[in-house]
Novice: 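The structure under discussion is supplied below as structure tokens; questions concerning it will follow.
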Amino acid sequence: MLKEEHNTYIPNEVESKWQSIWKETDIYKTSDNVSSKKNWYALSMFPYPSGDLHIGHWFAFTPADAHARFQRLEGYNVLHPQGFDAFGLPAENAAIKRNINPKKWTFDNINNMQKQFDIMGNSYDWNRKLITCTPEYYKWNQKFFIEMYKKGLAYRKNGPVWWDPIDQTTLANEQVVDGKSERSGADVIKKMMPQWYFKITDYAEELLDMSTLEWPEKIKQMQRNWIGKSEGVTIDFKIENHTKNISTFTTRIDTIYGVTFVVLAPEHPIVTRLSLDKNKDVKNYILNSQKLSEIDRTSTTREKTGVQTDINCINPVTNEKIPVFIGDYVLASYGTGAVMGVPAHDDRDYIFAKKYSLPIKVVVSPDGSSDLELDHAFTGNGTQVNSAEFNGLSNIEAKQKISDLIQNRNLGKKTITYHLRDWLISRQRYWGTPIPMFYDKNNNIIPVEEHELPVILPDAKEFKPTGQSPLTLDEKFLYYNHPKLGKLKRETDTMDTFMDSSWYHLKFASPGNLEVPFEKEKIDKWSPVDQYMGGAEHAVMHLLYARFFNKVLRDLGYVNFDEPYKRLFNQGVMLARHMKISKRNNPLNPQPLVEKYGTDSVRAYLMFLGPWDRGGDWSDSGINGIYRWLNRIWEMMTTKYHEKEVLDLDSKNLSQISNQTTKDILNGMRNFRFNTSIATLMEYSNNLSKIKKNGTVSNSDWLDACKRLLIHLSPICPHISEEIWNIMGNKNSIHLQSNPSYNEELLEKSTYILIIQVNGKLRDQVELEKNTSKEEIKKFLNNSEKIKKHIAGKKIVKEIYIENKLMNLVVK
RNA sequence: GCGGCUGUGGUGAAAUGGUAGACACGCAUGCCUUAGGAGCAUGUGCAGCAAUGCGUGGGGGUUCGACUCCCUUCAGCCGCACCA
């Protein structure tokens with residue numbers, strides 16, 4: 001029971017005490033079914049085991065935990081698991097640099113980080129821990145890969161791929177940012193290589209449908225942009241004196257009558273097929289364009305260049321002969337790799353035409369006149385001119401009619417193109433899931449038999465990146481004697497680690513089973529993830545891949561839902577000295593803060609800084625205030641309350657603010673407004689401390705208020721609230737309680753503050769009984785010196801009166 | 001260039017179209033203390049002794065009333081970008 005004397009709040013004692021009790025009682029162990037409770041799956045994006053949890057991790061994980069804990073108080077059966085995204089390059093780089101085994105490095109880091117997770121006080125169910133670099137996990141990557149291969153969703157193709165010269169491996173399109181590797185920061189180059197791909201483009205259209213997702217609009221927009229749907233027409237241009245065609249893609253078929261040239265990408269296959277590069281100028285131009293880095297080639301500010309070829313082609317609607325150019329502003333990877341040049345109505349074509357003195361023919365006119373002189377391309381809408389039978393139509397209408405005409409005459413067809421490329425999945429590195437494929441001596445692809453899975457990643461001694469997977473050095477791994485097919489060579493590439501994170505949320509919902517990747521009944525209880533939480537940097541990588549993969553698993557019969565993550569919340573970026581916090585830059589260590597103030601203070605401070613989705617520049621300058629606040633709560637609740645004289649008014653007031661506090665907290669916590677929720681709690685505790693000083697409410701009212709505050713505090717500061725809860729004599733853990741309820745009727749105060757404005761400006765205010773009559777109020781107005789001063793000599797032309805709120809006098 | 005977000009005290013920030021700056025940090029003064037620290041109390045948007053005036057990046061508008069809605073402009077951050 002409560003002692004009279006003061007005892008001190010020592011965070012580290014309280015925290016380690018409860019952390020070990022929670023561990024012993026396995027309080028966060030989650031069962032798949034709890035009668036009378038709904039399930040809630042709260043998932044934080046699992047971390048890469050880089051070694052230590054820095055303050056950025058704390059900012060990502062502790063508010064997420066507070067929200068999960070809050071959902072428990074809301075009455076849900078909450079699954080909040082954690083694991084490690086354990087494959088990837090840093091382990092290999094550490095192996096090279098420090099001559100340690102990547103597996104050992106990874107597992108040492110995991111052990112270390114799990115201890116640090118415990119210090120955070122997060123409510124993870126560690127019974128479900130998963131580590132993606134274990135054969136039990138990556139076996140299923142391999143099984144899915146084989147099933148995708150059999151369905152044609154995984155394929156091997158020789159093609160241009162992004163190459164990271166530092167990491168010595170290929171990258172997926174999404175992992176290239178501004179021509180640099182998202183991972184190493186190196187300028188990437190294009191290489192021709194046979195590689196494995198996943199056919200994400202088959203799902204482009206379905207991936208565009210995000211109508212069921214409660215995600216930030218920003219992320220949805222980024223995914224839409226990335227998929228980059230564009231509707232238009234592919235139209236074939238006959239080459240003069242040849243049987244071949246040049247196929248072009250355009251979204252502006254209404255400008256077909258204005259085509260005065262055609263431009264091919266330097267890599268366009270027809271260039272070599274028609275030996276256009278026999279021409280010396282053409283050959284030099286192509287050689288030069290190959291020297292340019294991709295970032296230079298796609299720079300919008302660079303001058304457009306090109307070279308004329310020896311061929312011409314025929315405009316299919318006008319039968320005009322037009323020249324064919326090669327220009328490196330045309331990308332081989334988009335559309336058909338060839339564009340029809342319409343200088344009058346496209347900025348790039350205009351610049352190109354001016355440079356090479358090509359004719360500029362206006363076919364869409366802003367004012368209907370047909371002999372315009374343009375000093376720049378006109379890209380807006382207007383009226384067709386110089387367009388044969390389409391003259392006079394609006395270009396929007398003409399677009400339809402010309403498409404129909406072209407389709408009917410078999411000159412081309414309506415086409416949809418996407419910016420999205422297939423997902424390049426193979427990596428020439430060691431520390432990843434081996435791709436479960438063989439090649440025979442004729443290079444035929446033979447999948448590993450399912451009963452042979454997993455293909456174990458062998459121990460390696462040499463990890464130096466050479467452009468080939470280190471697995472090629474392992475003769476024992478490399479060759480396999482197939483009972484029927486004889487000696488086969490294994491695929492030595494490993495999988496992109498985004499494979500691992502594409503389905504890990506399902507494994508958390510069905511851990512432990514080694515026979516199947518997951519049990520359908522179990523994942524159905526938890527899926528889709530109710531609340532996913534993590535950084536926005538994965539908008540077009542992890543989040544897009546996981547959506548794709550979910551649809552693949554659905555089509556393979558594993559799951560029966562369409563989307564993996566129902567709700568998504570992105571926390572903001574925590575910066576340190578204006579730089580993103582990361583292991584590389586400035587791994588701000590929370591350890592000293594935890595030692596000085598305790599986990600609870602660090603957690604509350606991170607949540608109090610501002611809205612979670614905003615982030616900010618890290619500074620610990622305010623944490624002391626949080627620490628003092630927790631000390632005041634400790635002091636207030638661990639010393640005895642003395643009931644002096646119970647005042648009816650104070651009891652009523654307490655009831656009112658208690659109900660209001662609960663209403664605000666529930667609202668705030670539901671919407672991830674941790675900062676305002678904490679502010680509300682501070683106000684409440686400030687109020688309680690005044691009450692305690694005066695002793696004007698009953699003992700039991702006081703006790704109820706304390707409990708209310710503690711329960712509201714418990715998701716944010718789980719340790720101190722548990723300790724005080726326990727000191728107060730409660731037997732069950734505070735984390736097994738429910739949120740207090742509030743009564744709308746008790747929110748009502750009997751009085752209100754009337755705002756009195758003159759011309760919309762506050763001039764006076766007065767506290768009045770609710771529903772005071774307008775006449776009463778006028779009486780007050782007539783007596784108010786402040787009001788009199790402002791209306792003296794003026795005429796009241798209007799009174800705006802809102803009952804129980806405000807009176808605005810409009811004077812002239 | 002296109003799209004999105006954000007601009008509020010010395011600082012982090014708060015405000016269903018109705019008291020701008022809640023809640024904190026910091027600072028100031030006082031109490032306590034041998035002292036430092038901690039703690040407690042009071043104050044703290046700016047200018048002014050005050051009355052009062054001004055004040056949410058700038059300009060305009062709607063409204064009795066605008067941080068909030070509309071138009072426009074500037075700045076910062078993020079994303080996309082020769083996408084045909």
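We name chains A, B, ... by the order of the sequence lines, and we start the count at 1 in each one. In what follows, every heavy atom counts, from backbone to side chain, and hydrogens, waters and symmetry copies are set aside.
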Novice: Could you check whether Lys692(A) pairs with Glu635(A) (Lys NZ or Arg NE/NH1/NH2 to Asp/Glu carboxylate O, under 4.0 Å)?
Specialist: no

Novice: Using a strict 4.0 Å threshold on nitrogen-to-oxygen distance, state whether Arg252(A) and Asp254(A) make a salt bridge.
Specialist: yes

Novice: What nucleic acid atoms does Val797(A) come within less than 4.0 Å of, heavy atoms only: base, sugar-phosphate, or nothing?
Specialist: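 Counting heavy atoms under 4.0 Å across all strands, no contact is made by Val797(A).
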
Novice: For Asn686(A), answer base if it contacts any base atom (sugar-phosphate contacts may also be present), sugar-phosphate if it contacts only those atoms, and nothing otherwise; contact means non-hydrogen atoms under 4.0 Å.
Specialist: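 Here Asn686(A) touches the backbone only, sparing every base.
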
Novice: What is the base-pairing partner of A35(B), counting Watson-Crick and G-U wobble geometry with both distances under 3.5 Å?
Specialist: none

Novice: Counting side-chain heavy atoms from CB outward, which of A22(B), C82(B), A84(B) is closest to Asp328(A)?
Specialist: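 When the side chain of Asp328(A) is considered, C82(B) is the closest of A22(B), C82(B), A84(B).
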
Novice: Have a look at G61(B) and give me syn or anti from its glycosidic angle (syn if within 90° of zero).
Specialist: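 G61(B): anti.
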
Novice: U19(B), A84(B), C25(B): which one has an atom nearest the side-chain heavy atoms of Arg628(A)?
Specialist: C25(B)

Novice: Measuring from the side chain of Leu331(A) (C-beta onward, heavy atoms only), which nucleotide among A84(B), C40(B), C23(B) has the closest atom?
Specialist: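 In terms of side-chain proximity for Leu331(A), the closest of A84(B), C40(B), C23(B) is A84(B).
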
Novice: If you only use heavy atoms from C-beta on, which nucleotide in U19(B), A84(B), A22(B) is closest to the side chain of Leu762(A)?
Specialist: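 Looking only at side-chain atoms, Leu762(A) lies closest to U19(B).
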
Novice: To the nearest 0.5 Å, what is the distance between CE on Met533(A) and CG on Asn570(A)?
Specialist: 11.5 Å

Novice: If pairing requires Watson-Crick or G-U wobble contacts with both distances under 3.5 Å, which nucleotide is the partner of G1(B)?
Specialist: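 By the stated definition (distances under 3.5 Å), C80(B) pairs with G1(B).
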
Novice: Under a 4.0 Å threshold between the charged nitrogen and the carboxylate oxygen, would Lys778(A) count as salt-bridged to Glu799(A)?
Specialist: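 Here Glu799(A) pairs with Lys778(A) in a salt bridge, since their nearest N and O are under 4.0 Å apart.
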
Novice: If we call it a pair only when both distances are under 3.5 Å in a Watson-Crick or G-U wobble match, what pairs with U42(B)?
Specialist: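 Across any shown strand, U42(B) pairs with A28(B).
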
Novice: From C-beta outward on His419(A), which listed nucleotide comes closest to its side chain: A20(B), A81(B), A22(B)?
Specialist: A81(B)

Novice: Where each residue is assigned the nucleotide of RNA chain B containing its nearest heavy atom, which of Thr680(A) and Gln221(A) is assigned the position nearer the 5′ end?
Specialist: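 On the 5' side of the pair lies Gln221(A).
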
Novice: Of the nucleotides G79(B), A84(B), A20(B), which one has an atom closest to the side chain of Phe249(A)?
Specialist: A84(B)

Novice: For nucleotides 5-18 of chain B, just jot down a letter per nucleotide in 5' to 3' order: B, S or -, based on protein non-hydrogen atoms under 4.0 Å.
Specialist: --S----BSSSB-B

Novice: Over all strands shown, is Arg224(A) touching base, sugar-phosphate only, or nothing at heavy-atom distances under 4.0 angstrom?
Specialist: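 Answer is nothing: Arg224(A) stays at 4.0 Å or more from every strand.
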
Novice: Is a side-chain donor-acceptor pair under 3.5 Å present for Thr751(A) with Glu767(A)?
Specialist: yes

Novice: Between Trp629(A) and Lys798(A), which is nearer to the 5' end of RNA chain B once each is assigned its nearest nucleotide?
Specialist: Trp629(A)

Novice: Pick base, sugar-phosphate or nothing for Gln765(A), based on heavy-atom distances below 4.0 Å to the nucleic acid.
Specialist: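 Base contact - Gln765(A) has a heavy atom under 4.0 Å of at least one base atom.
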
Novice: Ion pair present between Glu803(A) and Lys774(A), side-chain N to carboxylate O less than 4.0 angstrom?
Specialist: no

Novice: Check for me whether the distance between the ring centres of Phe352(A) and Phe261(A) falls short of 6.0 Å.
Specialist: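 Judged by ring-centre distance (under 6.0 Å), Phe352(A) and Phe261(A) do meet the cut-off.
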
Novice: When you measure from the side chain of Lys693(A), which nucleotide among G53(B), A41(B), C82(B) comes out closest?
Specialist: A41(B)

Novice: Contact class for Gly228(A) vs. all strands (heavy atom < 4.0 Å): base, sugar-phosphate, or nothing?
Specialist: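 Result for Gly228(A) = nothing.
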
